Colleague: 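I have a structure here, written as structure tokens, and I will follow up with some questions on it.
Please read these numbers as outputs of a predicted model, since none were measured by experiment. Only heavy atoms go into these numbers, but all of them, side chains included; no hydrogens, no water, no symmetry mates. In what follows, chains are A, B, ... by sequence order, proteins preceding strands, each numbered from 1.
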Number of protein chains: 2
Amino acid sequence: MTTYPVAAVKLSHDIIETVAERGPTGVTAVADALDVPKSTAHDHLRTLEAVGYVVNESGTYRLGTKFLHLGETARSSHELFVNGREEAHTLFDDTDEKYVQLVTEENGRCGVLLAAGWRQGGHTTGTPGAYPSDLHLHTNAPGKAILAHKDAETVERLVSETGLPPRTANTITDEERLLAELETIRDDGYAVDEGELIAGMTGVAAPIVADERVRGAIAVYGPSGAFEATPGSSGLAETVRQSARTIEANLIFTPE
Amino acid sequence: MTTYPVAAVKLSHDIIETVAERGPTGVTAVADALDVPKSTAHDHLRTLEAVGYVVNESGTYRLGTKFLHLGETARSSHELFVNGREEAHTLFDDTDEKYVQLVTEENGRCGVLLAAGWRQGGHTTGTPGAYPSDLHLHTNAPGKAILAHKDAETVERLVSETGLPPRTANTITDEERLLAELETIRDDGYAVDEGELIAGMTGVAAPIVADERVRGAIAVYGPSGAFEATPGSSGLAETVRQSARTIEANLIFTPE
DNA sequence: TATTTCTGTCCGGTATTACCGGACAAGCTC
DNA sequence: GAGCTTGTCCGGTAATACCGGACAGAAATA
């Protein structure tokens, strides 16, 4: 069980999460949802408002745009994003009608740095779609690609800590099968997800390795119907691997 | 002086802000920057890590991608963004080589919901550039457009609370002049910023009003040289106003 | 319109806990 | 390998986060 040295911060986090889930919410609704006194919820909301994390609009609270600022700052300071953003967009342009993600690892979970995909109307806005949170590594292609390049003991530790919770019926929940698949991924140089994260969605991902360390992975996702029987036999897997290599080169050749 | 009912949350906020400014930072650096004991900084960083706000990479801490998720959630739940996003991109496409922003008001500051502008390489990524934080309303075009449609007492309150801090030499710092300009903005239907936020950058903004209430503003910015002598005489101001009207219509006609 | 029942906000006491000094180990740089 | 860092951990205590209760105002009821 993870512990929280500063309990108050954990509560504020839960409140933010609640407001995020419910959209604009009142004090009592938040208090009820988290089963804390109304006054406590109010204390936290007031501080969160003072620092700009939430906004008070005549009684109801919503998330502030400060998170957009922080999110942008977070990824702009990430060398994988800086070195991979352009190539990810190139890959996106090359693989029509699919989604492209640039993923790193954060505390044993997937951290999505870039998600291109949503085409709005006619023109490509290129604006990201969803930035999912709390994605376990074993549930998707980029996560597995990352996992495949970790030491055995790290994998063991992660599995024993968090287990292998399923997302769909196809999610790998058996450790034996996971380890076998990681072996395959190392051999092939890419990972495949056939409806393991989202039913009906297939993905191909290639790991990004630099200086003997996995820095993340780049992935292409799309409706399963849009893929060849085996993504490896089509050129797609190789295309994704090429993108990964380009980013690896950027990482290595970039000064600092 | 604003007060913080839960001091611990305020400290965590300051730590996040510090990490945001400095990029990947160690415990001692954070502690020194905020003048708190190393152990206290560590306590907070550990909790922030547990909730996913920061990531620990072998001793140094960086911001987590969770902020991207929260940022996206924040604006997706905002009716101005939902109803204005497409029109903002259309406006962006119509006004080449400029920046477009969709702005709301948050606690007397500007909240940037959408910032289109950065063209990467040849293809339009449309991906947002900067999401600035802590922008006072009087320092820029969309802010002034919003301010112009607030009650006199609200304006008075905001000015007396925060004053009129300058950003550049052109920023309005005199209350008389501000009030006069707000009058002009109401008459014209648009606001102009000539190097008041950023030296050498000119902007035109139109307020977005629905149900007797200012919901925000939409703005076009660009290098001052790219603008006609007076933005009003060119068609630009009218173009921006049209975009604002379209968004107003979306806001009013959208169910709920 | 009067009444009831919500809401969000505020206050002050107390027991919890956040803060802090100090100590440890591991990774640097001379 | 010595001397410096660094990040991490522990436990006591004084500060404070939490909570019950009370208030005013807005809806919703009648």
Side-chain angles (χ1 to χ4, degrees), chain A residues 1-16 18-19 22-51 53-64 106-107 151 153-154 157 161 211-213 256, chain B residues 1-16 18-19 22-51 53-64 106-107 153 157 161 211-213 256:
Chain A
M1 175 66 186
T2 38
T3 170
Y4 304 93
V6 188
V9 172
K10 159 70 172 162
L11 178 55
S12 264
H13 163 266
D14 289 345
I15 289 178
I16 289 172
T18 306
V19 175
R22 308 209 169 188
T25 320
V27 180
T28 30
V30 172
D32 289 352
L34 296 173
D35 200 43
V36 293
K38 207 169 48 159
S39 46
T40 303
H42 187 254
D43 281 345
H44 280 261
L45 283 168
R46 258 180 55 79
T47 22
L48 291 173
E49 179 190 3
V51 299
Y53 285 166
V54 302
V55 181
N56 186 341
E57 285 179 350
S58 63
T60 75
Y61 294 85
R62 69 161 77 223
L63 295 187
E106 289 188 349
N107 300 327
D151 340 19
E153 59 261 30
T154 307
R157 185 174 49 81
E161 275 176 8
D211 300 326
E212 307 275 318
R213 210 167 58 80
E256 186 264 357
Chain B
M1 177 64 186
T2 39
T3 169
Y4 305 92
V6 189
V9 172
K10 159 69 174 163
L11 177 56
S12 264
H13 163 265
D14 289 345
I15 289 178
I16 289 173
T18 306
V19 175
R22 309 209 169 187
T25 320
V27 180
T28 30
V30 172
D32 289 351
L34 296 173
D35 201 42
V36 293
K38 206 169 49 160
S39 45
T40 303
H42 187 253
D43 282 344
H44 280 261
L45 283 168
R46 257 180 55 80
T47 10
L48 291 173
E49 179 189 4
V51 299
Y53 284 166
V54 302
V55 181
N56 186 341
E57 285 180 349
S58 64
T60 76
Y61 294 86
R62 68 161 78 219
L63 295 186
E106 289 187 348
N107 300 328
E153 59 261 31
R157 186 173 50 80
E161 276 177 6
D211 300 325
E212 308 274 317
R213 212 167 56 81
E256 186 263 358

Colleague: Looking at B/Arg22 and B/Ala33, what are the two nearest heavy atoms and their distance?
Modeller: NH2-CB, 3.4 Å
Colleague: A/Tyr4 versus A/Leu11: any side-chain heavy-atom pair under 4.5 Å?
Modeller: no
Colleague: Just jot down the side-chain contact (heavy atoms from CB on, under 4.5 Å) partners of A/Asp151, sequence neighbours excluded, or say none.
Modeller: A/Glu153, A/Thr154
Colleague: How many angstroms lie between CG in B/Leu48 and CG in B/Asn56, if you round to the nearest 0.5 Å?
Modeller: 11.5 Å
Colleague: Using a 4.0 Å cut-off on heavy atoms, which residues in residues 23-40 of chain B reach DNA chain D? List them by number, or say none.
Modeller: B/Gly26, B/Val27, B/Thr28, B/Lys38, B/Ser39
Colleague: Please state how far atom CG in A/Leu11 lies from atom P in D/dA17, giving the value in whole angstrom units.
Modeller: 12 Å
Colleague: Any protein N or O atoms within reach of nucleotides 14-17 of chain C? Criterion: under 3.5 Å, listing atom names and distances.
Modeller:
none

Colleague: Quick check: closest heavy atoms across A/Val6 and B/Ala8, and the distance to 0.1 Å?
Modeller: CG1-CB, 3.9 Å
Colleague: What is the distance from CG of A/Asp43 to P of D/dG20, rounded to the nearest Å?
Modeller: 13 Å
Colleague: When you look for runs of 3 or more Watson-Crick or G-U pairs in a row, both distances below 3.5 Å, which of them include DNA chain C?
Modeller: C:3-27 with D:4-28
Colleague: What is the distance, to the nearest angstrom, from the CD1 atom on B/Ile15 to the P atom on D/dG7?
Modeller: 13 Å
Colleague: Examine C/dT7: is either OP1 or OP2 under 4.0 Å from a nitrogen or oxygen in the side chain of A/Tyr61? Give yes or no.
Modeller: no
Colleague: Measure the shortest side-chain to side-chain distance between B/Tyr53 and B/Val19 over non-hydrogen atoms and say whether it is less than 4.5 angstrom.
Modeller: no
Colleague: Would you kindly give the NZ-to-P distance between B/Lys10 and D/dT16, to the nearest whole Å?
Modeller: 15 Å
Colleague: In Å and rounded to the nearest 0.5 Å, what is the OG1 to CG distance from A/Thr25 to A/Leu45?
Modeller: 9.0 Å
Colleague: Between P on D/dA17 and OH on B/Tyr4, what's the gap in Å once rounded to a whole number?
Modeller: 13 Å
Colleague: Rounded to the nearest 0.5 Å, what separation is found between the CG atom of B/Asp35 and the CG atom of B/Asp14?
Modeller: 12.0 Å
Colleague: Establish, with yes or no, whether the OP1 or OP2 oxygen of C/dT9 is under 4.0 angstrom from a side-chain nitrogen or oxygen of A/His42.
Modeller: yes
Colleague: Within this structure, what is the CD-to-P distance between B/Glu57 and D/dT8, rounded to whole angstrom?
Modeller: 13 Å
Colleague: How many whole angstroms separate atom NE2 of B/His44 from atom C1' of D/dA17?
Modeller: 12 Å
Colleague: Is any side-chain nitrogen or oxygen of B/Asn56 closer than 4.0 Å to OP1 or OP2 of D/dG7?
Modeller: no
Colleague: Provide the full list of side chain to side chain donor-acceptor pair (under 3.5 Å) pairs with a residue in residues 36-48 of chain B, sequence neighbours left out, each pair given once.
Modeller: B/Ser12-B/His44
Colleague: Of all residues at least two apart in sequence or in a different chain, which pass the side-chain contact (heavy atoms from CB on, under 4.5 Å) check with A/Asn107?
Modeller: B/Glu49, B/Val55
Colleague: For a side-chain contact (heavy atoms from CB on, under 4.5 Å) with B/Tyr61, tell me which candidate from B/Thr18, B/Ile15, B/Val27 qualifies.
Modeller: B/Val27
